[in-house]
Amino acid sequence: MGKGGTLESFAPPPGVPRSKHMGTDVPVLLPTNPNMPWWTMGDVDSYFMLFFDNLSSLVTIIAALTSAPMIFRGMMPADEWNSMNTEYLNMIYRKMLPGAGVALLFGNCYYTWMARKLAYYDKRENVTAHPYGVNTPGGFLMTYNVVYTLFIKYYCTEWNRAVTDGKDPGTVKEATDKIWQGAVASNLVVGLISCAGAWAGPWIIRNVPLPGLLTPTMGVGFVYLGLDPFYTIIAEPMVAWVPMYLSMAGYFATKNGSFEIKGIKIPCAFLVILAGCTAYWSNLCHYNQKVEYKNNEDAIPQYVYDNRGCGSVTNHIHGDGGVNDAKKRLWENQMTFGLGLSYWKDVPDFIGLVTPVAIQSVVETLEHWQMGCLKGDSYNMREMMFVDGFGTVLGSFCGSFLPNTVYLGHPIHKANGASCGYGLANAFTFFFLLNSGIFAMVGAVIPIETMAPILMAVGLSIVRNALEVTTSRNHPAMIPGIWCVIADWVLNNGAGNGNAGAKSVPFRGWYNAGQAGGIMNALIITSTLSDMIDRKYVRGACFCFAAVWFSLFGVMHSNNLQGHSVGADQRAGRGEVTWAGESPAPTPPGNEGWRFAIAYGMVGAGFIAAHFLQQAGFTDPPHEEQAHAQALSKALTAGGYESSHHSDDPTGSGKPKTFDENLADLEADVEEERKRRASTTGPGQH
C-alpha cells in the first residue's frame, strides 16, 4: 500500500529472460512490444490483490474524512449542522473522489505502458507492471492533519472570530471551498516534491540516515494504520475479531497474501471482507448509536456522538451514511480542473507535514525500483519517480487531496505470472467507482469495522519492514519518532487540552511533539539520534542546525502556546507556521520554537565537539553504513543514476564492472543482509 518493503532476493530462476541493465538508458518515448500479453491467469490473482489493497485504503480514508462533521454535531443548531454536513460531504464525493479516480487511472495506465515499453527494449514478453495506488499513510496524514485542521479553522475559529467582530462570516459553501482548496494545494506540493525526487532521490539516500527516512511512515503505520484500527476492531469483536485473525494470517502466515486451496488462490482481503460483512449484516453489531439525550421531556436535548456501536441492520440502511444516503450519491460528479488550486493561503502551515510525506514516497519508490531490478524488470528509475509525483499533481488539478505512489508488491505479482492487465483493469475499475458515485454505496455496504483488520495488518507490515532493514542499534532512535506521531493521534482524538488539575496529561509536550502530524519532528529527531548512535557527528550536527531554522519558522515544534500575535487583530493558531519571536516586547514569544532552536543549537555544538575528539583519536570511529542503504546506493551507482564514491575497478584493470558483475555484487549485499536478519542479535550487540 505504498509502503517501504524489505530488501529480499527476488532474482528469477536461471534461464528466465530478464533485463540486462539497470534501466538508465530505457527511453521515455519508445514503441511497445505487441507480442507481450495484455492478460494472463496471473493477472486474475493480481487484479484482486491490488483491487482490495486500494479498496481497503480508500474505504477507511473516506470513513475518516466523512466523520469530520461529527465534531460539531450537537454544538450548533440542527439546520446549520445539516447545511454544513451536506456541503462538506458533497465536496468529498462530488469533487475530491473523482479527482482521485483520475490519478489512479493515469498511474496504472502509465505503468502498463512502461511495462510494454520495457518488453520492447528488452525484446522479451515476461515483464510485470508495477502496482500503483493511493498512498495510505499520506492519505491519513492529509485527512487528520490538513483537512481536519482546516475544518476546525473555517467552520469554527474563523467563523466565530468574524461573528465576534461583527463581520459577515460568509456562507457554509465558501468555508467548505476553502477547506477543499487548502487541502488540494497542499497535495500539489507533495506531488511537486515527489517529482523533484527523480533527481534528488539518490542524494537523499546518501545523506539522510535510513532510520530517519523510515520512521515517519513507520510511526503512521504503527499509530494510524495499526493502533487506531485495532481499537475499532476491539470495539466490535463479534464483527471484526475473526476478520482480524484472517487478515493477520493472510499477511504474515502466507507467502503472497492469498490462501491457496488445491491450486486456487483466494485473496486474504476478500475473505476478510466476506467474513466481516456477513457478521455486520447479520445484526452482530453493538446497537448503541444514540446521539440525543434528554433528562425529561422539557429538557434541552444534549447531543453526543456515541460511536460505541456500529448499529443494527436498520441503522445500516436508514442511518447517517447508510445505504439510503449512498443511493443519493449515485451519478453525482462535479469534478473541475484547476479550481481546487485557487486558494494557497493555508499551504505554508503544512510544509512541515507535506515535505516528509513526499520524501518518504521518494524513498519507497527507490526501494520498489530496486526490488523490480532484482526480480528482472529494470525500469527507468527517474521515470518511475516522476510518474509517482505527477500522478499526485494530476489528481490535485482534478480536485483530489490524496497523494499517490507505486505500491509494494511487484515481486509478488511477478511470482503470480502477472503481466500488465491487472493494473490496467484496476485503473478503469476505480475510475468508474470514484466518478460514478457508486463508491458511496461500497462504503455503506462494507463497514469500517470490516476494513480495519486489513488496515491493521498493513500498518504492522510497515513497522516490521522498517525494523528489518535497519540495524538493531538504531531502533532506540526510532522510538521517539513514533512518540511524535502518537502525540498527534492523541491531539486528534481530543486529549491534551488540559491536565485535569495535575500533571496527568502533559498537554504542552503533546503539542510540542505532535504539531503538523509529528512527521518532520519524527524525521529530524530520529536522524539526529541515529547519527549520534552511529557516531556520524558532522551529519548529525547538520540536522541539528537545520532543526534550528525549522523550529524558528514553525516547520517543527509549532506550538503557538499563547496564540501569539501575528498582526494587529489576529492570533496564531496551534500548529500555524510563524516566526517564533514575533510577539512584541515585553510579551515573550508565544511560539515554543525558539526554545527548541536553542536546544538544537546546543546539541549541534556538542556534535561538532565530538567530531573533533573523534578526529583526534579520543573516541571510536563511525559505524559502517547499514547494509540496506549500502545495497540501494550500489544499485543507484550501478545504474548510472549517481556517481560512485568508491572505485568500480578494485582490480586496477581500468575496466568498469559489467552489468552482471554489478548485479552479482548487489545480490551478494542482499544475501548478506538476509543472513544478518536471520542471525540472533543479543541486547547491545551491533
Side-chain angles (χ1 to χ4, degrees), residues 61-62 65-66 68-69 83-106 134-135 138-139 141-159 161-162 167-196 332-355 357-358 389-404 434-435 516 554 566-567 570 572-573 575-578:
I61 290 171
I62 300 308
L65 282 169
T66 54
S83 175
M84 175 198 69
N85 186 54
T86 300
E87 285 292 341
Y88 178 79
L89 294 182
N90 286 344
M91 178 268 288
I92 298 295
Y93 287 108
R94 296 179 180 178
K95 295 181 178 180
M96 194 280 290
L97 282 181
V102 171
L104 291 175
L105 177 69
F106 165 79
V134 173
N135 185 332
L141 288 172
M142 292 295 293
T143 297
Y144 288 115
N145 295 286
V146 176
V147 177
Y148 270 47
T149 299
L150 294 173
F151 189 95
I152 294 173
K153 177 178 181 179
Y154 288 111
Y155 281 145
C156 181
T157 308
E158 295 290 333
W159 192 285
R161 180 182 295 164
K167 300 177 181 178
D168 181 10
T171 65
V172 169
K173 186 179 185 307
E174 290 171 343
T176 305
D177 284 343
K178 289 180 179 178
I179 296 169
W180 172 57
Q181 291 165 344
V184 169
S186 299
N187 191 48
L188 178 66
V189 175
V190 173
L192 293 175
I193 296 175
S194 297
C195 287
E332 290 185 340
N333 189 320
Q334 294 180 357
M335 183 174 66
T336 60
F337 189 81
L339 184 61
L341 299 172
S342 56
Y343 189 76
W344 286 75
K345 177 183 177 183
D346 297 306
V347 173
D349 293 341
F350 303 113
I351 293 299
L353 171 73
V354 300
T355 303
V357 170
F390 188 78
T392 300
V393 169
L394 180 61
S396 300
F397 271 93
C398 295
S400 171
F401 47 73
L402 299 180
N404 301 89
L434 298 177
N435 279 272
V566 292
Q570 296 187 42
E576 186 172 341
V577 175
T578 59

N145 and F350: which non-hydrogen atoms are nearest, and at how many Å?
-> O-CE2, 3.2 Å
Interatomic spacing from CG in D177 to CD in E87 - rounded to 0.5 Å | 7.5 Å
Hey, are the side chains of T66 and Y93 touching, using non-hydrogen atoms and a 4.5 Å cut-off?
-> yes
Could you walk me through whether L192 and F390 pass the side-chain contact (heavy atoms from CB on, under 4.5 Å) test, one step at a time?
-> CA-CA 7 Å; L192 293 175; F390 188 78; over 6 Å; no
Kindly give the heavy-atom pair with the smallest separation between M142 and A183, and that separation in Å.
-> CE-O, 3.5 Å
Backbone N or O of L188 within a donor-acceptor pair of the S396 side chain at under 3.5 Å?
-> yes
Output for pair (L97 CG, Q334 CD), nearest 0.5 Å, gives 12.5 Å
Please name the pair of heavy atoms, one in Y88 and one in T176, separated by the smallest distance, quoted to 0.1 Å.
-> CA-CG2, 3.9 Å
P69 vs F151 side-chain heavy atoms within contact, under 4.5 Å = yes
Test side-chain contact (heavy atoms from CB on, under 4.5 Å) applied to C398 and F337, step by step | CA-CA 5 Å; C398 295; F337 189 81; 3.9 Å; yes
One should read off an interatomic distance between I62 CD1 and L402 CG, to the nearest 0.5 angstrom, of 6.0 Å
One should read off an interatomic distance between N187 CG and F397 CZ, to the nearest 0.5 angstrom, of 11.5 Å
All side-chain contact (heavy atoms from CB on, under 4.5 Å) counterparts of T336, not counting sequence neighbours | W180, L339
What residues form a ring pair (Phe, Tyr, Trp, His ring centres under 6.0 Å) with Y148, not counting sequence neighbours?
-> Y144
Any donor-acceptor pair under 3.5 Å linking the side chain of T355 with the backbone of I351?
-> yes
Test item: N435 side-chain N/O and G101 main-chain N/O as donor-acceptor pair under 3.5 Å | no
Does a donor on one side chain and an acceptor on the other come within less than 3.5 Å for N135 and N404?
-> no
What is the distance from atom NZ of K153 to atom NZ of K178, rounded to the nearest 0.5 Å?
-> 8.5 Å
Please test V146 against L141 for side-chain contact (heavy atoms from CB on, under 4.5 Å), starting from the C-alpha separation and ending with a verdict.
-> CA-CA 7 Å; V146 176; L141 288 172; over 6 Å; no
Between N90 and T86, is there a donor-acceptor pair closer than 3.5 Å when you use the side chain of the first and the backbone of the second?
-> yes
Heavy-atom closest pair, residues G138 and P403 | C-CG, 3.8 Å
Say you draw a straight line from OH of Y154 to CD1 of I179; how long is it, rounded to the nearest 0.5 Å?
-> 8.5 Å
Between M96 and the options L434, V147, L65, the side-chain contact (heavy atoms from CB on, under 4.5 Å) test singles out L65
If you take all heavy atoms of S400 and G99, which pair is closest and at what distance?
-> CB-C, 3.6 Å
Heavy atoms of G389 and S194 approach each other most closely as CA-CB, 3.6 Å
